[in-house]
Amino acid sequence: MATTNRRNFLRTSIGFSAATVATTALGVNPLNTLVGCSSPTSSGKESAESSGTPLEFTQEPLGYEYNALEPNIDARTMEIHYTKHHTGYISKVNDAIKADKITYSTPEELFANISKLSDTVRNNGGGAWNHSFFWKSLRAPVDGNAPAGALMDAINGSFGSFDQFKEQFAAAGAGRFGSGWAWLVSDQGTLKIGSTPNQDNPLMDDAELKGKPLLGIDVWEHAYYLHYQNRRPEYITNWWNVVNWDFVAEQLDA
Ligand code: MN
(Lines give C-alpha, C1' and ligand atoms only; values in the text may rest on other atoms or scores of the structure.)
Protein backbone atom coordinates (compact mmCIF):
# COMPACT_ATOMS: atom_id res chain seq x y z
CA MET A 1 0.00 0.00 0.00
CA ALA A 2 1.41 3.39 -0.92
CA THR A 3 2.29 5.55 2.04
CA THR A 4 -0.29 8.16 1.23
CA ASN A 5 -3.04 5.60 0.86
CA ARG A 6 -2.04 3.88 4.02
CA ARG A 7 -1.96 7.18 5.84
CA ASN A 8 -5.40 8.08 4.57
CA PHE A 9 -6.66 4.66 5.49
CA LEU A 10 -5.30 4.90 9.00
CA ARG A 11 -6.69 8.35 9.45
CA THR A 12 -10.17 7.29 8.41
CA SER A 13 -9.99 3.93 10.07
CA ILE A 14 -9.85 5.28 13.57
CA GLY A 15 -12.37 8.03 13.34
CA PHE A 16 -10.85 11.26 14.37
CA SER A 17 -9.86 14.55 12.87
CA ALA A 18 -6.81 15.92 14.55
CA ALA A 19 -3.32 17.09 13.99
CA THR A 20 -2.23 14.64 11.35
CA VAL A 21 -1.95 17.30 8.70
CA ALA A 22 -0.26 19.73 11.03
CA THR A 23 2.34 17.19 12.13
CA THR A 24 2.98 16.31 8.51
CA ALA A 25 3.70 19.93 7.76
CA LEU A 26 6.22 19.96 10.57
CA GLY A 27 7.94 16.88 9.27
CA VAL A 28 6.71 14.51 11.95
CA ASN A 29 5.81 11.15 10.50
CA PRO A 30 2.08 10.89 11.14
CA LEU A 31 2.27 7.11 10.96
CA ASN A 32 4.49 7.07 14.01
CA THR A 33 2.04 9.26 15.83
CA LEU A 34 -0.95 7.23 14.71
CA VAL A 35 0.40 3.91 15.77
CA GLY A 36 1.69 5.23 19.06
CA CYS A 37 5.39 4.65 18.56
CA SER A 38 7.55 5.75 21.43
CA SER A 39 9.56 8.36 19.56
CA PRO A 40 9.98 11.63 21.46
CA THR A 41 7.63 13.42 19.08
CA SER A 42 4.77 11.10 19.93
CA SER A 43 4.63 12.02 23.61
CA GLY A 44 1.59 14.08 24.47
CA LYS A 45 3.46 17.17 25.51
CA GLU A 46 5.72 17.44 22.48
CA SER A 47 3.04 16.64 19.95
CA ALA A 48 0.69 19.10 21.55
CA GLU A 49 3.35 21.76 21.32
CA SER A 50 4.27 20.89 17.78
CA SER A 51 0.75 20.70 16.41
CA GLY A 52 -1.32 22.88 18.70
CA THR A 53 -4.41 20.96 17.64
CA PRO A 54 -6.04 18.91 20.37
CA LEU A 55 -7.75 15.71 19.39
CA GLU A 56 -11.38 15.86 18.39
CA PHE A 57 -13.28 12.64 17.79
CA THR A 58 -15.72 12.55 14.89
CA GLN A 59 -18.41 10.11 13.86
CA GLU A 60 -18.06 8.85 10.33
CA PRO A 61 -20.90 7.37 8.27
CA LEU A 62 -21.48 3.70 8.97
CA GLY A 63 -20.69 2.71 5.41
CA TYR A 64 -23.69 0.38 5.22
CA GLU A 65 -27.39 0.46 6.07
CA TYR A 66 -28.64 -0.23 9.57
CA ASN A 67 -30.22 -3.45 8.28
CA ALA A 68 -27.14 -4.61 6.36
CA LEU A 69 -26.05 -7.04 9.06
CA GLU A 70 -29.41 -8.74 9.56
CA PRO A 71 -30.36 -11.22 10.78
CA ASN A 72 -27.12 -11.38 12.76
CA ILE A 73 -27.42 -7.86 14.15
CA ASP A 74 -30.82 -6.22 13.77
CA ALA A 75 -31.44 -2.80 12.25
CA ARG A 76 -33.01 -1.27 15.36
CA THR A 77 -30.02 -2.24 17.49
CA MET A 78 -27.64 -0.80 14.91
CA GLU A 79 -29.57 2.44 14.68
CA ILE A 80 -29.74 3.01 18.43
CA HIS A 81 -26.18 1.87 18.93
CA TYR A 82 -24.85 4.23 16.25
CA THR A 83 -27.09 7.28 16.73
CA LYS A 84 -27.45 7.23 20.51
CA HIS A 85 -24.64 5.32 22.19
CA HIS A 86 -21.75 6.14 19.86
CA THR A 87 -22.86 9.71 19.27
CA GLY A 88 -23.10 10.19 23.02
CA TYR A 89 -19.58 8.94 23.70
CA ILE A 90 -18.15 11.24 21.03
CA SER A 91 -19.91 14.34 22.23
CA LYS A 92 -19.04 13.66 25.87
CA VAL A 93 -15.37 12.95 25.27
CA ASN A 94 -14.99 16.05 23.09
CA ASP A 95 -16.56 18.15 25.84
CA ALA A 96 -14.26 16.60 28.42
CA ILE A 97 -11.16 17.09 26.25
CA LYS A 98 -12.00 20.80 26.10
CA ALA A 99 -12.97 21.10 29.77
CA ASP A 100 -9.83 19.30 30.95
CA LYS A 101 -7.66 21.20 28.43
CA ILE A 102 -6.20 17.97 27.10
CA THR A 103 -3.64 18.58 24.36
CA TYR A 104 -2.95 15.10 23.00
CA SER A 105 -3.50 15.12 19.29
CA THR A 106 -4.19 11.48 18.50
CA PRO A 107 -6.27 8.73 20.11
CA GLU A 108 -3.08 6.69 20.52
CA GLU A 109 -1.48 9.44 22.61
CA LEU A 110 -4.63 9.92 24.63
CA PHE A 111 -4.92 6.22 25.43
CA ALA A 112 -1.19 5.87 26.12
CA ASN A 113 -1.71 8.43 28.91
CA ILE A 114 -5.21 7.45 29.96
CA SER A 115 -4.22 6.51 33.52
CA LYS A 116 -3.52 10.21 34.17
CA LEU A 117 -6.90 11.36 32.89
CA SER A 118 -10.44 11.44 34.25
CA ASP A 119 -12.92 8.58 34.16
CA THR A 120 -15.09 10.72 31.87
CA VAL A 121 -12.32 10.91 29.28
CA ARG A 122 -11.46 7.26 29.72
CA ASN A 123 -14.99 5.91 29.37
CA ASN A 124 -16.18 8.20 26.60
CA GLY A 125 -12.86 8.27 24.74
CA GLY A 126 -12.81 4.49 24.75
CA GLY A 127 -16.45 4.43 23.68
CA ALA A 128 -15.76 6.85 20.82
CA TRP A 129 -12.76 4.95 19.45
CA ASN A 130 -13.97 1.41 20.08
CA HIS A 131 -17.23 1.90 18.21
CA SER A 132 -15.56 3.55 15.19
CA PHE A 133 -13.31 0.52 15.05
CA PHE A 134 -16.24 -1.86 15.55
CA TRP A 135 -18.37 -0.42 12.70
CA LYS A 136 -15.48 -0.79 10.29
CA SER A 137 -14.88 -4.38 11.32
CA LEU A 138 -18.37 -5.42 10.16
CA ARG A 139 -19.98 -6.01 6.76
CA ALA A 140 -22.98 -7.75 5.24
CA PRO A 141 -23.04 -11.49 5.98
CA VAL A 142 -20.85 -13.74 3.85
CA ASP A 143 -21.27 -17.51 3.51
CA GLY A 144 -18.32 -19.33 5.01
CA ASN A 145 -16.93 -16.04 6.27
CA ALA A 146 -13.26 -16.51 7.18
CA PRO A 147 -9.91 -14.78 6.88
CA ALA A 148 -7.45 -15.63 4.12
CA GLY A 149 -3.78 -15.38 3.31
CA ALA A 150 -1.29 -14.07 5.84
CA LEU A 151 -3.99 -13.33 8.41
CA MET A 152 -5.27 -16.90 8.31
CA ASP A 153 -1.70 -18.16 8.56
CA ALA A 154 -1.07 -15.96 11.59
CA ILE A 155 -4.28 -17.16 13.26
CA ASN A 156 -3.47 -20.80 12.56
CA GLY A 157 0.06 -20.29 13.84
CA SER A 158 -1.04 -18.62 17.05
CA PHE A 159 -4.15 -20.61 17.93
CA GLY A 160 -3.79 -23.94 16.11
CA SER A 161 -6.77 -23.47 13.82
CA PHE A 162 -9.43 -20.94 12.88
CA ASP A 163 -12.01 -22.93 14.87
CA GLN A 164 -9.82 -22.92 17.97
CA PHE A 165 -9.27 -19.20 17.55
CA LYS A 166 -13.03 -18.60 17.30
CA GLU A 167 -13.63 -20.74 20.37
CA GLN A 168 -11.09 -18.80 22.45
CA PHE A 169 -12.29 -15.45 21.21
CA ALA A 170 -15.95 -16.31 21.87
CA ALA A 171 -15.03 -17.51 25.35
CA ALA A 172 -13.30 -14.19 26.04
CA GLY A 173 -16.46 -12.34 25.00
CA ALA A 174 -18.90 -14.61 26.78
CA GLY A 175 -16.73 -14.70 29.89
CA ARG A 176 -16.35 -10.94 30.30
CA PHE A 177 -18.48 -10.25 33.37
CA GLY A 178 -20.76 -7.26 32.88
CA SER A 179 -20.01 -4.82 30.08
CA GLY A 180 -16.90 -4.78 27.94
CA TRP A 181 -15.13 -5.94 24.82
CA ALA A 182 -13.21 -8.98 23.61
CA TRP A 183 -10.21 -8.36 21.39
CA LEU A 184 -7.71 -9.92 19.05
CA VAL A 185 -4.50 -7.91 19.27
CA SER A 186 -1.02 -8.04 17.89
CA ASP A 187 1.47 -7.59 20.71
CA GLN A 188 4.88 -7.05 19.08
CA GLY A 189 3.81 -9.39 16.29
CA THR A 190 2.31 -12.05 18.57
CA LEU A 191 -1.45 -12.51 18.28
CA LYS A 192 -3.33 -12.54 21.57
CA ILE A 193 -6.95 -12.78 22.70
CA GLY A 194 -8.36 -11.09 25.77
CA SER A 195 -11.06 -8.79 27.02
CA THR A 196 -11.38 -5.38 28.64
CA PRO A 197 -14.07 -4.00 30.97
CA ASN A 198 -16.38 -1.09 30.19
CA GLN A 199 -15.03 0.97 27.25
CA ASP A 200 -11.38 0.18 27.94
CA ASN A 201 -9.24 -0.96 25.03
CA PRO A 202 -5.80 -2.50 24.45
CA LEU A 203 -4.27 0.89 23.58
CA MET A 204 -4.73 2.11 27.15
CA ASP A 205 -1.53 2.31 29.19
CA ASP A 206 -3.04 0.46 32.13
CA ALA A 207 -5.05 -2.15 30.22
CA GLU A 208 -4.68 -5.78 31.21
CA LEU A 209 -4.56 -6.73 27.54
CA LYS A 210 -2.22 -4.57 25.49
CA GLY A 211 -1.39 -4.49 21.81
CA LYS A 212 -2.54 -3.26 18.46
CA PRO A 213 -6.25 -4.06 18.08
CA LEU A 214 -7.02 -6.21 15.04
CA LEU A 215 -10.60 -7.17 15.90
CA GLY A 216 -12.99 -6.35 18.71
CA ILE A 217 -16.50 -7.31 19.69
CA ASP A 218 -18.78 -5.16 21.79
CA VAL A 219 -20.38 -7.40 24.42
CA TRP A 220 -22.34 -4.68 26.22
CA GLU A 221 -26.00 -5.66 26.46
CA HIS A 222 -26.89 -2.63 24.30
CA ALA A 223 -25.09 -4.36 21.42
CA TYR A 224 -27.41 -7.38 21.34
CA TYR A 225 -30.20 -7.29 23.93
CA LEU A 226 -33.12 -6.24 21.67
CA HIS A 227 -32.65 -9.30 19.47
CA TYR A 228 -30.85 -11.81 21.71
CA GLN A 229 -31.94 -10.71 25.21
CA ASN A 230 -29.62 -12.55 27.63
CA ARG A 231 -28.17 -14.89 24.98
CA ARG A 232 -24.75 -13.30 24.55
CA PRO A 233 -23.09 -16.50 23.25
CA GLU A 234 -25.67 -16.72 20.44
CA TYR A 235 -24.96 -13.10 19.49
CA ILE A 236 -21.24 -13.90 19.33
CA THR A 237 -21.86 -17.02 17.23
CA ASN A 238 -23.85 -15.05 14.67
CA TRP A 239 -21.51 -12.07 14.78
CA TRP A 240 -18.83 -14.20 13.07
CA ASN A 241 -21.00 -14.05 9.91
CA VAL A 242 -20.53 -10.29 9.63
CA VAL A 243 -16.86 -9.85 10.51
CA ASN A 244 -15.04 -7.89 7.80
CA TRP A 245 -11.86 -9.95 7.54
CA ASP A 246 -10.43 -7.54 4.96
CA PHE A 247 -10.49 -4.85 7.62
CA VAL A 248 -8.81 -7.16 10.13
CA ALA A 249 -6.09 -8.03 7.60
CA GLU A 250 -5.52 -4.32 6.98
CA GLN A 251 -4.93 -3.78 10.71
CA LEU A 252 -2.34 -6.55 10.69
CA ASP A 253 -0.54 -4.93 7.76
CA ALA A 254 -0.77 -1.36 8.97
MN1 MN B 1 -21.59 -0.35 22.25
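Count residues from 1 along the sequence. Both counts, for ligands and for their atoms, begin at 1 and track the order of listing.
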Could you tell me if the ring centre of His81 sits under 6.0 Å from that of His86?
-> no
When the aromatic ring centroids of Phe57 and Tyr89 are compared, is their separation below 6.0 Å?
-> no
Got more than 12 heavy atoms from elsewhere within 6.0 Å of CD, Glu234?
-> yes
Angle, NE2 of His222 through the Mn ion (ligand 1) to NE2 of His81 - 10° precision = 100°
Among the N/O/S atoms of Asp218, select the one at the shortest distance from the Mn ion (ligand 1) and name it.
-> OD2
How about His131: does one of its N, O or S atoms come closer than 2.8 Å to the Mn ion (ligand 1)?
-> yes
Please find out if the Mn ion (ligand 1) and some N, O or S atom of His86 are separated by less than 2.8 Å.
-> no
Please check if any side-chain donor atom of Asn238 sits under 3.5 Å from a side-chain acceptor atom of Tyr228, or the reverse.
-> yes
